[in-house]
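What follows is a short report on a single structure.
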Amino acid sequence: MSDELKNAAENCRAWPFEEAKSVLKRLNGKTPDKGYALFETGYGPSGLPHIGTFQEVARTTMVMNAFKQLSDIPTKLICFSDDMDGLRKVPPNVPNPEMLEKNLHKPLTKIPDPFETHESFAHHNNNRLIDFLDRFGFEYEFLSSTECYTSGRFDEALLKMLQNYEAIRQAVLPLLGEERKKTYSPFLPISPKSGKVLQVPILETSPEAGTIVFEDEDGEKTELPVTGGHVKAQWRPDWALRWYALDVDYEMAGVDLKSASEIAGNILKILGGKKPPGFHYELFLDENGEKISKSKGNGLTMEEWLTYAPHESLAHYVFQRPKSGKKLYFDVIPKAVDEYISFVNALASQEPDKQLQNPAWYIHNGTIPNSQHTPVSFALLLNLASAANADNAETLWGFIQKHKPDATPESAPFLDRLVGHAVKYYEDFVLPTKQYRLPDERERAAMEDLAARLDALPADAALDALQTEVFSAGKENGYAKEELREWFQALYQVLLGQDQGPRFGSFIELYGIKESITLIRDALDGKFAQAA
RNA sequence: GACCGCUUAGCUCAGCUGGUAGAGCAACUGACUUUUAAUCAGUAGGUCGAGGGUUCGAAUCCCUCAGCGGUCACCA
């Protein structure tokens, strides 16, 4: 079986395997000197982690999982935080904006935490990243740029950059506009006086001494070593520096960074390295196929997705065709959840080559825990929730067990999570659309009668009895047999605020006899119609 | 301007290395239930953006064009 899987892996054309193969090729199938194949993702800590962060780590993990199938070379995933970057503008929705304003252009690790919970702004956001990633169970190692610079880990690479200063400058220039070309430098000195990351021309370089000379903000000519965290590399060279110093073997990036990564690759070549493989994924679009922008507030946030669906479904969504632009809006969620469920349920019975076509294989690294299986689709749950007034998990579970008597929250924990999401969906999308009305005379009489009948029943009355009482209440209060449909509709409209509903006897059984009586009396008192 | 993606059923999309077009929703029909919804079974629906080329054979590969969209060119 294992051999069969390995064979299937070698022939698999799913994108994570295509990527993994390019890593294996880069390594010539051998463990590199550092002892492992290194997969990297980048993070800018001036903002909070978002769906793009998730997507990149999830997809890189999928490549890594494929790689593990192809080779016994150890692997490592590094989430690198560019936390020595200067803060360029005050982000919105952050406390203490005046304080941040005063600290503009300083490295993020040198700026106090506006939330006043961590050592610095960067530390705060780095921790948010770590919490975020841990929440999804990613296996990775966090790495801070500031630490790499100040600890000397980047020193050798920085000196090499200095030796090749002009060539690296030339590698970047073609991409820049006229204005920027004049002052561009791959090195950004950090002013010893103000602590700011300066974007200034470099006047002299001294490869022997390992220093650069520039004019500080007050006009004073200043000489600084490029090593030890006194100087930061500008963005594109910084990327190359990291690839070189850490010996990165794989990194993907968005299409927006396409030309930048090419430049960084050229710089890496100058340093004597070889650009790590990695494709450029397309960015997410909104419902109309337009760019998602925070200012417009279109598209869908990570939080929104995770409110209405489990994170596995997002991982599944993100697996699909990373190189084409995908629309990210509410309606894709239920589909993603149900596709995920079918793939999870299918995996065990699939042949190895089919397993490797199965997104769930990548999400769970080949082995799906039993707890992930669910006998009910998410679409069904959503329908059930809205049809059955399921404003809590217990009610919804009651209806589920009508269909699947064996399922319990304990035996199907993933389904239990889905139930929670379905209830949330009900609260946010179904409940607000409910329109209760008051009953007319005949309806009122029948409902009062129904309440009284229910009251007279034992607490453990059987379903048949309940259903019979509902019919009797209708029939004996002026509804002819062919009018009974109207009686039921009245129940839904008056009691549930909708035109349709579940079989009413079952509803009472699940909702509870006492609760149903209260529901009827509240409706007759006008509590619902008034509120609406 | 440079580079890229998309165009397939009413809607949203899948179709991997070429072999008589698929799914979900919507629609329609039926079954079941002392109402509906749900559920289940089934039906219908497409010159695969246009034109050309390669091939015994093209939604799939190549070229041209059109429409839509994206990214970069100021900052990272």
Side-chain angles (χ1 to χ4, degrees), chain A residues 11-15 17-18 42-47 82 85-89 105 108 174-181 188 197 199 232-239 253-264 279-292 320-327 329 331-332 334-336 338-339 342 353-354 356-357 376-377 379-389 399-400 402-404 463-464 467-472 474-475 479 481-493 496 498-507:
Chain A
N11 295 314
C12 182
R13 301 179 60 88
W15 66 264
F17 274 97
E18 296 286 1
Y43 168 69
S46 55
D82 189 16
D85 193 27
L87 179 68
R88 271 169 305 277
K89 55 178 199 219
H105 304 297
L108 289 156
L175 196 73
L176 300 176
E178 282 310 312
E179 267 322 289
R180 190 75 180 89
K181 274 183 188 168
L188 308 174
V197 182
Q199 208 170 91
K232 184 192 187 313
Q234 197 266 352
W235 164 50
R236 281 165 279 233
D238 194 56
W239 201 353
V255 283
D256 52 332
L257 299 185
K258 201 168 179 186
S259 49
S261 81
E262 276 160 24
I263 300 284
F279 65 87
H280 296 279
Y281 50 83
E282 273 292 338
L283 276 29
F284 293 117
L285 308 169
D286 76 356
E287 185 166 6
N288 302 313
E290 282 166 10
K291 181 189 176 183
I292 290 179
Q320 311 287 345
R321 302 213 304 167
K323 287 183 208 175
S324 57
K326 297 176 68 63
K327 295 179 187 172
Y329 59 101
D331 299 19
V332 304
K335 189 182 173 190
D338 278 333
E339 282 181 358
S342 359
D353 60 324
K354 288 287 177 206
L356 297 183
Q357 307 282 344
V376 179
S377 79
L380 172 61
L381 285 183
L382 294 181
N383 282 332
L384 223 45
S386 57
N389 210 38
F399 281 97
I400 291 168
K402 287 272 150 203
H403 286 94
K404 306 282 172 185
L463 174 59
D464 293 358
Q467 186 77 348
T468 304
E469 293 302 336
V470 178
F471 273 86
S472 306
K475 282 190 219 159
Y479 285 90
K481 197 169 183 193
E482 61 278 6
E483 284 181 316
L484 276 173
R485 192 180 162 146
E486 290 167 40
W487 159 234
F488 280 99
Q489 185 150 51
L491 285 172
Y492 300 130
Q493 291 174 343
L496 303 181
Q498 51 199 32
D499 293 335
Q500 305 160 351
R503 182 185 310 284
F504 217 78
S506 326
F507 175 78

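The chains referred to below are lettered A, B, ... by the order of the sequence lines, with proteins before strands, and numbering in each begins at 1.
Here the side chain of A/Q199 is nearest to one of B/C75, B/U35, B/G15, namely B/C75. Taking only side-chain atoms of A/K327, from C-beta outward, the nucleotide of B/A76, B/C13, B/C72 with the closest atom is B/C13. Side-chain proximity of A/S259 to the nucleotides B/U71, B/C72, B/U12 is greatest for B/C72. When distances are taken from the side chain of A/R180 to each of B/C6, B/U34, B/C74, the shortest belongs to B/C74. Each of B/C6, B/G70, B/U35 was ranked by its minimum atom distance to the side chain of A/Y492; first place goes to B/U35. Here the side chain of A/R321 is nearest to one of B/G15, B/A76, B/C75, namely B/G15. Side-chain proximity of A/L283 to the nucleotides B/U71, B/G5, B/U35 is greatest for B/U71.
Taken from CD in A/Q493 to CZ in A/F488, the straight-line distance is 14.0 Å, to the nearest 0.5 Å. Expressed to the nearest 0.5 Å, how far CG of A/L175 lies from CZ of A/R236 amounts to 5.0 Å.
A cation-pi arrangement is not found for A/K327 relative to A/F284, the charged atom failing to lie both closer than 6.0 Å to the ring centre and inside a 45° cone about the ring normal.
Distance A/K232 NZ to B/A76 C1': 9 Å, rounded to the nearest Å. For the pair A/L257 CG and B/C4 P, the computed distance is 17 Å after rounding to whole Å. Atom-to-atom, CZ of A/F488 to P of B/A38 comes out at 17 Å; the value is rounded to the nearest Å. The interatomic distance linking A/F279 (CZ) with B/G5 (P) rounds to 13 Å, in whole Å. We find that CG of A/L108 is positioned 13 Å from P of B/A76, with the value rounded to whole Å. Atom CD in A/Q489 sits roughly 12 Å away from atom P in B/U36 (whole-Å rounding). In this structure, CG of A/D256 is placed 15 Å from C1' of B/G69, rounded to the nearest angstrom. Between the NZ atom of A/K326 and the P atom of B/C13 there is a distance of 9 Å, rounded to whole Å.
Between A/Y479 and A/F471, the distance from one ring center to the other does not fall under 6.0 angstrom.
Note on A/Q234: only backbone sugar-phosphate atoms sit closer than 4.0 angstrom, heavy atoms only; bases stay farther off. Using a 4.0 Å heavy-atom cutoff across all strands shown, A/L491 reaches no nucleic acid atom at all. Residue contacts shown for A/K323 are limited to sugar-phosphate atoms, with no base heavy atom under 4.0 Å away. Contacts of A/E339 with the nucleic acid, taken as non-hydrogen atoms under 4.0 Å apart, are absent. As judged by a 4.0 angstrom heavy-atom cut-off over every strand, A/T468 is placed among the base-contacting residues.
Each of A/F471 and A/V332 lies near RNA chain B, and the nucleotide nearest A/V332 is the one positioned closer to the 5' end. In this structure, A/K475 and A/R236 both approach RNA chain B, and ranking their closest nucleotides by distance from the 5' end singles out A/K475.
As rounded to the nearest Å, B/U7 and B/C62 have P atoms that lie 15 Å from one another. B/C16 and B/U60 are spaced 10 Å apart, taking the C1' atom of each and rounding to whole Å. Across B/G53 and B/G18, the matching C1' atoms stand 15 Å from one another, rounded to whole Å. Rounded to the nearest Å, the gap between the C1' atom of B/A38 and that of B/G5 is 40 Å. B/G46 and B/A14 have their C1' atoms separated by 15 Å, given to the nearest Å. Taking the C1' atom of each, B/C28 and B/G67 are spaced 34 Å apart, rounded to whole Å. Rounded to the nearest Å, the gap between the C1' atom of B/G57 and that of B/U20 is 10 Å. A distance of about 32 Å separates the C1' atoms of B/G15 and B/A2, rounded to the whole Å.
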**Prompt:** Given the rule that a pair is Watson-Crick or G-U wobble with both distances under 3.5 Å, how would you write RNA chain B in dot-bracket, using | for pairs to a different strand?
**Reply:** (((((((..((((.....[..)))).(((((.......))))).....(((((..]....))))))))))))....
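Under the rule for a ring-ring contact (aromatic ring centres under 6.0 Å, His included), A/W235 has no partner lying at least two apart in sequence or in another chain. Evaluation of the side chain to side chain donor-acceptor pair (under 3.5 Å) rule for A/H280 yields A/S261 as partners, not counting sequence neighbours.
Contact annotation: A/K258 side-chain N/O to B/A2 OP1/OP2 distance is not under 4.0 Å.
At least one side-chain heavy atom of A/V255 sits less than 4.5 Å from a side-chain heavy atom of A/E282.
Between the side chains of A/Q199 and A/R180, at least one donor-acceptor pair of N or O atoms lies under 3.5 Å.
Other residues, nucleotides and ligands contribute more than 12 heavy atoms inside 6.0 Å of the NZ atom of A/K181.
Considering all non-hydrogen atoms of both residues, A/L382 and A/P334 come closest at CD1-CG, 4.0 Å.
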